[in-house]
Amino acid sequence: MKILTTPKMERCIGCHSCSLACARLVHKRLSWDTAGIRIRTSGGLSTGFEARNCLACNPAPCALACPTGAYLQRKGGGVLVRKKLCIRCGECAKACPVDAIYLDYTGEPFVCIHCSRCVQYCPHDCLEMKELNEETVTDESEGDLHS
Amino acid sequence: MIRDYFRVLTINLTTGQGNIVEVGGRNEAAGGSGLAALLFGRFGHVDKPWNEPEQPLIFTIGPLTGYFPLMSKTVCAFKSPFHNQYAESHAGGRSALALRFADLDALVITGKAEKPACISVGSRHLEIKEVHYLWGMDVFATGKYLRNMFRGSGHRSILRIGPAGEQGSPMACINADTYRHFGRLGGGAVMGTKNLKGIVIQGDASFLLPENKEYPKIFKEVHNQLTDTDMMSKYHNLGTPVNVMILNDLKSLPVRNLQQTADPHIGGISGEKFAEAALLRNNACSGCPVGCIHIGFVRERFHEENRYLYRQVSYDHEPIFATGSMLGVLDCFAVLGIMDVVERMGLDVMSAGVALAWATEAFEKGLISEAETLVPLKFGDAERYKQAMQFLAMGTNEFYRTLGRGTMVAAERYNGKDFACVLGQEMAGYATGEVFLPHKPLDSDIRTWTRQDIPLTRNPAKRTPGRRLIFL
């Protein structure tokens, strides 16, 4: 199973093409926020850029925190969100250790689903889909829920 | 979001009140420029001076902003302190997308704050904060403070002025997100005269796209054209500095106040040289995959015991011309050092460079002396130019205050109009096109100058003394 990685952020120019692509293609929105990957500086524009996106935890703290089962743990890592079950409590975003979940002002969560649609829009090839390291998956029976 | 009208936020700094105005004209006013002109027609006063508090400072975007790649610029419009006429200046950075995601087509700022103020605006907030303690700070320091003072981060634009704008210099620019500028015609002074130190625009809204299979397809097509063909390679590669060698070869590069139009040593400040020796990284305006912001670095030893600091300085053809070839400074790091001072002061680099180039020639010819310039000005002396830039921004003495109002204003006062490189405003970094020698200096309005003599031949050997002025 492949996940989105951001191995070349030293090259990032902060164009937000990745975020805009995710919002446009996955979430049908015009936005640089409601996206599975979001770009910010480390501390002002003179300091370079960082990406915030889901690191495909297994087990995923967000899925464990969700009170309605809206978050499904994917086998191998990462999550899928069934928005119809989401009550916008915001616990998922709080639980995420790397700030990968964006809540818009209505509380709707946006998280990377590792679909790879953003990758081709980066002009500097900062993004790559990589096979999740099988060795890091400690218990394969955990999270065996189908999407 | 696109509506069939323009959604305009007006902010009155005198009353501290904002207002949302729905302005018609979506099918008539084209782009940010059209909207800015329309709004100036509505909110501006053609018969009153530029610094009348009611005059508007206008920021607009166009219908495609944020929707397609490269649609990443904002138009700033105002009555200019330079010539009291309507002026337009463009900048990118994050400003255009921030306005789009603040759900505004335009921001119109009128009035004057009682004390130095900063506006913070987003899709769901508006605040005017008193910031008297920031008055006097340079552009970079101001940006760092404003970053921390207002909530929200990342997806926002920080527009600010430096000391030049505070002093009301018609050569003051508005800095947009550190590396871009609303450069020319004194937008910085318009903010300064309103006691407006900064504007923070948070782009915190998102919009549902209409059900549409075409838009993502067209977006992808446009994106691929821009990134997979060589359509934008000039900007993606060396950037506009590629023009330095090209113009030098054409003998069309302004050198030493246009005393020459080429130099055998220009290689020291070519786009190629900058890329090879001084280009640290690139940046993009939000929404643009071309990423043509070129950021150079300069190291500075500030103590003899090998204590160093570094500065990041964005460069392009015009800054290289204005602080390099026009001043006879032919080392890329020396040029970046001058640019850095210009940046921090919040000066328009083009006007400032041309102004000091004139001052250098006037100094050479003995029309002015150190009594006016405070430091001896000499083509190629970068360290003196760094000092002179500060004097120019601060209006340190009568001479620099006069020069700050325009090179031609200074030339009229101190003589030397025939070598003031001004066409409406200080010239740009290209000396191409037909060449004329008017027998009188150009009128302040570029459109009204007339040709008084027959055109010169382009053969430099036959060039007569006097200024070789250009029609741009």
Which bit of A/Glu10 comes within less than 4.5 Å of chain B, counting heavy atoms only: side chain, backbone, both or neither?
neither
I need the residue from B/Thr178, B/Asn282, B/Asp228, B/Thr227 with the largest number of non-hydrogen atom pairs under 4.5 Å to chain A.
B/Asn282
Counting only heavy atoms not in B/Tyr235, do more than 12 sit closer than 6.0 Å to its OH atom?
no
B/Lys144 versus chain A, heavy atoms under 4.5 Å apart: side chain, backbone, both or neither?
side chain
On a heavy-atom basis, which atom in A/Tyr102 and which in B/Asp204 lie closest, and how many Å separate them?
OH-O, 4.5 Å
Using non-hydrogen atoms only, which part of A/Phe49 is less than 4.5 Å away from chain B: side chain, backbone, both, or neither?
side chain
I need the A/Ser46 OG to B/Arg281 CZ distance, nearest 0.5 Å.
7.0 Å
Nearest heavy atoms of B/His223 and A/Gln120, plus distance in Å:
NE2-O, 4.0 Å
side-chain contact (heavy atoms from CB on, under 4.5 Å) evaluation trace for B/Ser206 with A/Tyr105
CA-CA 9 Å; B/Ser206 64; A/Tyr105 84 104; over 6 Å; no
Between A/Thr106 and chain B, with a heavy-atom cut-off of 4.5 Å, which part of the residue counts as in contact: side chain, backbone, both or neither?
neither
Grab the two heavy atoms, one from B/Ser286 and one from A/His16, that are nearest each other, plus how far apart they are.
OG-CD2, 3.5 Å
Segment of B/Phe101 engaging chain A (4.5 angstrom heavy-atom cut-off)
side chain
Do side-chain atoms of A/Trp32 reach the backbone of B/Gly203 as a donor and acceptor pair under 3.5 angstrom?
yes
A/Cys15 and B/Ala284 have their tightest heavy-atom pair at CB-CB, 3.7 Å
Rounding to 0.5 Å, atoms CZ (A/Arg40) and NE2 (B/His155) come to a distance of 8.0 Å
Which region of B/Tyr67, side chain (C-beta onward) or backbone (N, CA, C, O), has a non-hydrogen atom less than 4.5 Å from a non-hydrogen atom of chain A, or is it both or neither?
both
If you count heavy atoms of other groups shown closer than 6.0 angstrom to CZ of B/Arg299, is the number above 12?
no
Considering residues, nucleotides and ligands other than B/Tyr133, do more than 12 of their heavy atoms fall under 6.0 Å from its OH?
yes
Please flag which part of A/Ser17 lies under 4.5 Å from any non-hydrogen atom of chain B: side chain, backbone, both or neither.
side chain
Among the options B/Cys288, B/Gly154, B/Pro69, pick out the one with the most heavy-atom pairs lying under 4.5 Å from chain A.
B/Cys288
Let's test your reading of the structure: which of B/Asn148, B/Leu97, B/Asp177 forms the most heavy-atom pairs below 4.5 Å with chain A?
B/Leu97
For B/Arg151, I'd like to know if atom CZ has over 12 heavy atoms of other residues, nucleotides or ligands within 6.0 Å.
no
By a 4.5 Å heavy-atom criterion (distance strictly below it), what part of A/Leu25 contacts chain B: side chain, backbone, both, or neither?
side chain
Spacing of CE belonging to B/Met1 relative to CG belonging to A/Leu30, to within rounding of 0.5 Å
11.5 Å
Can you tell me which portion of B/Arg94 sits under 4.5 Å from chain A's heavy atoms? Options are side chain, backbone, both or neither.
both
Roughly how far, to the nearest 0.5 Å, is CZ of B/Phe207 from OG1 of A/Thr34?
10.0 Å
Please state whether the side chain, the backbone, both or neither of A/Leu45 comes within less than 4.5 Å of a heavy atom of chain B.
both
A/Gly43, A/Cys122, A/Cys12, A/Ala21: which one forms the most heavy-atom pairs within less than 4.5 Å of chain B?
A/Gly43
Top contributor to chain A contacts, counting heavy-atom pairs under 4.5 Å, from B/Asn283, B/Leu208, B/Leu280:
B/Asn283
Highest number of heavy-atom pairs under 4.5 Å with chain A among B/Arg147, B/Arg100, B/Gln312 belongs to B/Arg147
Can you tell me if B/Phe140 has over 12 outside heavy atoms packed within less than 6.0 Å of its CZ?
yes
